[in-house]
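This report refers to the structure that appears directly beneath it.
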Amino acid sequence: MQFIDLRKAELGAGFTVGRALPTRERRMIGAWCFLDHLGPVDLRNHDGMHVQAHPHTCLQTFTWMIEGEILHRDSLGSEQLVKPGQVNLMTAGRGIAHTEDSLPGERLHAAQLWIALPAKYAEVQPAFDHYPQLPQWSRNNIEMTLLAGEFQSVVAPTRVYSPLVEPGGEALHMSLSEGTRCLLIGGEPFPSRISMWWNFVGHTREYIYQAYQDWQSDSDRFPPVPGASIKLPSPPPPASFSAS
Ligand code: MN
């Protein structure tokens, strides 16, 4: 059993999130390589979350909305609102850019995770999928929603590239107070070591350095996000990333 304390991370414009992955103690859980807990934030005296255009590579961003609404726009031209209970899944593949803006409301509460792409899918075409409904059932007074993968003969429609929830896993015993919400993630150990820098994931450091250069030089690997006027600059990777 391992307990990981959330660390505070800044998303920009004073919006902080609790980050559970990656940490020194645990880099990944299966293909899941990043887990941010957003909120809950009272939006009545807060500007909300506004993340300007930024790129991703070799991963999927997985946004599960609990309260409030976030508008997603990306360089494919997608524009999609994600509402409570729904999932937005963006497959970066070889490269994509997006913006995320919370809409005015009472509260904002969500989880955003990244799923690393296995090496053979690293260069897959970028894609965006919205899942307005996911399989739901209830058992022993517990409401269950399957966000991805398979669980007990239920299959989620979510487009994923790795086994994320394994059948026949060990039992998990938890004592929870009423109204508790749990996000259970799993998956087969990721077959290779990945590198991460800023918003880039890659299987080699050179790949990430190239992605950094492509973003900074406005390469057509990352087309503009319609309607976005500001591009977030990437901090330069350490010198060891450029060694070839
Ligand atoms: Mn993003």
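Each ligand, and each atom within it, is numbered from 1 in the order the structure gives. A quick note: this is a predicted structure, and the numbers were derived from the prediction, not measured.
- Side-chain N/O atoms of His72 and Asn88 include no donor and acceptor closer than 3.5 Å.
- A 4.5 Å side-chain heavy-atom check between Thr99 and Val51 finds every atom pair outside the cut-off.
- For the pair Arg221 and Tyr207, the distance from NZ or CZ to the six-membered ring centre is under 6.0 Å and the angle to the ring normal is within 45 degrees.
- Remark: Trp114 pairs with Phe34, His56 by the ring-ring contact (aromatic ring centres under 6.0 Å, His included) rule, at least two apart or across chains.
- Side-chain atoms of Trp215 and Lys231, non-hydrogen and from C-beta on, do get closer than 4.5 Å to each other.
- Below 30°, between 30° and 60°, or above 60°: for Tyr209 and Tyr212 the angle between ring planes is between 30° and 60°, a tilted geometry.
- Ordered by chain and number, His54 NE2, His56 NE2, His98 NE2 make up the set of protein N, O or S atoms under 2.8 Å of the Mn ion (ligand 1).
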